[in-house]
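To start, the structure itself, in structure tokens.
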Amino acid sequence: MKPLVSILSALGSLGIAAESPRPNIVLIMADDLGFSDISCYGSEIETPQLDALAREGMRFSQFYSTAKCHSSRVSLLTGLYCDQAGAEELSRGATIAEALTPTGYHCMMVGKWHLSKQPTDFGFQRYWGHLSGATNFFTGDDTFRLDGKHWTVPKTLNGKPFYTTNANIDFATDFIDEHLASPAKQDPFLLYVAFNAPHYPLQAPKETVQKYHGRYDQGWDVLRKRRYQRQLESGILSNKHQLSPRPDHVPAWNSLSKKEQHWQARRMEVFAAMVDLLDQNVGRLVAHLKEKGLYDNTLILFCSDNGACPFDRTRGKNKEPWDPDSYWCYDTGWAHMGNTPFRLYKQNQHQGGISSPLIAKVPTSFHLETKDTVVSEPGHLIDVMATLLEISGAEYPEKVASRIIDPLQGKSLLPVLKGKTRTAHDQLYFHFSTDRALRQGDWKLVSAKGGRWELYNLTDDPTELDDLAKEHPERVAKMSREWFRIARDIERLPENQLKPAKDKLTPLFSKKPGKKKP
């Protein structure tokens, strides 16, 4: 364990009084939640608990994920780019829990893991959740674990029908209470809550789904424009954010039959119910922190792992979404709305795939003078590790067990969380499969599905509508060389992922939603 004098010295350098206890840390990650899918980012979905956290702290307008579930979790936990850390194996990365535990933090996790082994193999002292990338919300699967041991999903939990989103917070509050009852109760804690919601299958209790009955009957064209207007009015967007047009692969709502409109609207009602329930459970957690006198000294960060998901893999649309045998998804029409005002989706490295909401509620010891603010400072999931190292006084490890740890890529957001500015990243790198991007200052180079490089000036064109690649071929060449350098030397990508970009854009979708048979 790090000597106490070292910790106190580190806290003093942060401007936190030595007598002020180190803050508790709660990291909350939603799954497949689009940039505009909560109310304070423009949505019509009711999320009063997250909105309240935003009013007490700040919302980020340029916070980035990796556009995919497992890679975002790797970057959040390690402060490294996904393949740099060894991908799901974490063979070259240390988790936040492994870094903070030596300083006295009690590290707990609930929810979706989606990486190799188990959280208890990577520094977490308590864990409940599922190791899989997605699960049935009512019946779970055989990957549920409690502290490393198999856990059988019951029909009821704490007197209520089992529902994964609720169970996450049941266990989170239990873990907090058990820590407070332990001899180490004075130690600060890290709690990582990885909701599976609103990832498909779209499943929710009947009463919550019915709450949203009829709200999506006007369709994605009308409702997307309303989200955009709310974003402008709330300040999360500037007037430079033009609303990206509906792409050819998404049909006009009015071109659908009444029967198809009804089916599409019903799917979005279930998605909304899942987000609503996620928000309710954030509220349960916040209420518990307040009840235990922990809230004021807790940093809460809320984000998503990627943009809204365009994959329609629905099976059995005849079953109701509160039936455990149901397996609904929505498709590109609603995903396009979820990522308002941006283009493209989960897995793509365009803004629609990588733009995540980030809400930060900071401890009172940070003395944040102005609340309910919008932060335009670009940030990335890799910054979370660096931020928590600085807050906790922990040191970034060079080795954990037999793992040699790669150099940290992230930069601390602590100055921003205190209402100040920080030195920005020189560049940010993005990669998933054959989708690629690099951001340097105002400029972003991006390729979808191995297609031609596109170039955008994000200050003038934050929604990527005006491709400047032909006007700036030298910049394209220079930035692409840098992308390949990082991919080869830092990420260590295999040769089959280092192929040159094509000369033409790659078609992304071959048919419009609504044409798939049940």
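These figures come from a predicted structure and were not determined experimentally.
- With no hydrogens or angles considered, a side-chain donor-acceptor pair links Thr47 and Asp51 at under 3.5 Å.
- Side chains of Gln62 and Ser376: no donor on one and acceptor on the other come within 3.5 Å.
- Two residues are said to be in side-chain contact when any heavy atoms from C-beta on lie closer than 4.5 Å; Cys107 and Tyr192 fail this criterion.
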Inset, instruction - Give the C-alpha distance, both sets of side-chain angles, the deciding distance and a yes or no for side-chain hydrogen bond (donor to acceptor under 3.5 Å, both in side chains) between Ser116 and Glu89. - result: CA-CA 5 Å; Ser116 295; Glu89 300 291 332; 3.1 Å; yes
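- Across Ile96 and Leu76, no two heavy atoms sit closer than the pair CD1-O, 3.3 Å.
- In this structure the side chain of Leu33 reaches within 4.5 angstrom of the side chain of Pro357, judged on heavy atoms.
- A donor-acceptor contact under 3.5 angstrom links the side chains of Ser72 and Thr66, judged on distance only.
- The ring of Phe138 has its center no closer than 6.0 angstrom to the ring center of Trp322.
- A donor-acceptor distance shorter than 3.5 angstrom exists from the side chain of Ser132 to the backbone of Ala134, with no hydrogens or angles considered.
- The backbone N or O of Ser412 sits nowhere less than 3.5 Å from a side-chain atom of Asp383 that would complete a donor-acceptor pair.
- When side chains are defined from C-beta on, Tyr64 does not count as touching Ser356, because their heavy atoms never get closer than 4.5 Å.
- Under a cutoff of 6.0 Å and an axis angle of 45°, Lys317 and Trp263 form a cation-pi pair.
- Using modelled atom types and a 3.5 Å distance limit, the side chains of Arg227 and Ser43 yield a donor-acceptor pair.
- The closest side-chain donor-acceptor pair between Tyr41 and Arg59, if any, does not fall under 3.5 angstrom.
- When the options Trp253, Trp334, Phe271 are evaluated for a ring pair (Phe, Tyr, Trp, His ring centres under 6.0 Å) with Tyr216, the one that passes is Trp334.
- With no hydrogens or angles considered, a side-chain donor-acceptor pair links Asp32 and Asn306 at under 3.5 Å.
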Legend entry - Criterion side chain to side chain contact (heavy atoms under 4.5 Å, CB included) on Met274 and Phe137, from CA distance to verdict: CA-CA 10 Å; Met274 296 174 76; Phe137 283 83; 3.5 Å; yes
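- A donor and an acceptor atom, one from each side chain of Asn297 and Asn24, are nowhere located under 3.5 Å apart.
- Aromatic rings of His249 and Tyr345 (six-membered ring for Trp) have centroids within the 6.0 Å cut-off, being under it.
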Inset, instruction - With side chain to side chain contact (heavy atoms under 4.5 Å, CB included) as the test, would you mind laying out the steps for Val74 and Tyr81 before giving the verdict? - result: CA-CA 7 Å; Val74 171; Tyr81 295 123; over 6 Å; no
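- Salt bridge status for Lys211 with Glu269: absent, with no side-chain N to carboxylate O gap under 4.0 Å.
- Atom-to-atom distance recorded for Ile359:CD1 and Phe63:CZ is 12.0 Å, nearest 0.5 angstrom.
- Using modelled atom types and a 3.5 Å distance limit, the side chains of Asp141 and Thr143 yield a donor-acceptor pair.
- Here the closest non-hydrogen pair linking Glu98 and Pro102 is O-CD, 3.2 Å.
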Inset, instruction - Evaluate the side chain to side chain contact (heavy atoms under 4.5 Å, CB included) criterion for residues Val270 and Gln203: first the C-alpha distance (whole Å), next the side-chain angles of each, then the deciding distance (0.1 Å), finally the verdict. - result: CA-CA 7 Å; Val270 187; Gln203 297 175 325; 5.6 Å; no
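- The shortest non-hydrogen separation linking Leu413 to Thr387 is N-OG1, 2.8 Å.
- Inspection of the Arg284 and Gln49 side chains reveals no N or O donor paired with an N or O acceptor under 3.5 Å.
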Inset, instruction - Applying salt bridge (charged side-chain N to carboxylate O under 4.0 Å, His left out), run through Asp147 and Arg126 and close with a yes or a no. - result: CA-CA 5 Å; Asp147 296 336; Arg126 303 301 311 274; 2.8 Å; yes
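- Scored by the side chain to side chain contact (heavy atoms under 4.5 Å, CB included) test, Lys319 finds Asp323, Asp325, Ser326 as partners (sequence neighbours excluded).
- A donor and an acceptor atom, one from each side chain of Asp187 and His179, are nowhere located under 3.5 Å apart.
- Of all the heavy atoms in Asn196 and Asp31, the pair that sits closest is ND2-OD2, 3.0 Å.
- At least one side-chain heavy atom of Thr340 sits less than 4.5 Å from a side-chain heavy atom of Gln231.
- A salt bridge links Arg230 with Glu44: at least one charged nitrogen is closer than 4.0 Å to a carboxylate oxygen.
- A side-chain contact (heavy atoms from CB on, under 4.5 Å) with Phe162 is found for exactly one of Val153, Asp170, Thr156, namely Val153.
- In this structure, Gln347 and Phe311 have side chains that are in contact, with non-hydrogen atoms separated by less than 4.5 Å.
- Ring centroids of Phe430 and His380 are separated by less than 6.0 Å, placing the two rings close together.
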Legend entry - salt bridge (charged side-chain N to carboxylate O under 4.0 Å, His left out) assessment of Arg215 paired with Glu46: CA-CA 12 Å; Arg215 295 202 195 185; Glu46 297 176 27; 2.7 Å; yes
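- When all heavy atoms of Lys346 and His199 are compared, the closest pair comes out as NZ-NE2, 3.7 Å.
- Smallest separation of non-hydrogen atoms from Leu100 and Leu388: CD1-O, 4.3 Å.
- Taking the side-chain hydrogen bond (donor to acceptor under 3.5 Å, both in side chains) definition, one finds that Tyr212 meets it with Asp276, sequence neighbours left out.
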Inset, instruction - Walk me through it: do Arg267 and Asp312 pass the test salt bridge (charged side-chain N to carboxylate O under 4.0 Å, His left out)? - result: CA-CA 11 Å; Arg267 296 203 274 183; Asp312 184 2; 3.1 Å; yes
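- When atom types are taken as modelled, the side chain of Asn281 and the backbone of Leu278 share no donor-acceptor pair closer than 3.5 angstrom.
- Ser65 and Arg73 form no side-chain donor-acceptor contact under 3.5 Å, judged by distance and modelled atom types alone.
- Between Asn136 and Tyr327 the shortest side-chain heavy-atom distance does not fall below 4.5 Å.
- The side-chain heavy atoms of Phe124 and Leu77, taken from C-beta on, include a pair separated by under 4.5 Å.
- Ser36 places a side-chain N or O within 3.5 Å of a backbone atom of Met337 that can act as its donor or acceptor partner.
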Inset, instruction - Take Arg266 and Glu320, measure what salt bridge (charged side-chain N to carboxylate O under 4.0 Å, His left out) needs, and give me the verdict at the end. - result: CA-CA 10 Å; Arg266 288 210 67 201; Glu320 297 290 353; 2.8 Å; yes
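- Using a 4.5 Å heavy-atom threshold, the side chains of Thr463 and Gln351 count as separate.
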Inset, instruction - Take Leu180 and Lys292, measure what side chain to side chain contact (heavy atoms under 4.5 Å, CB included) needs, and give me the verdict at the end. - result: CA-CA 9 Å; Leu180 294 178; Lys292 300 299 179 179; 3.9 Å; yes
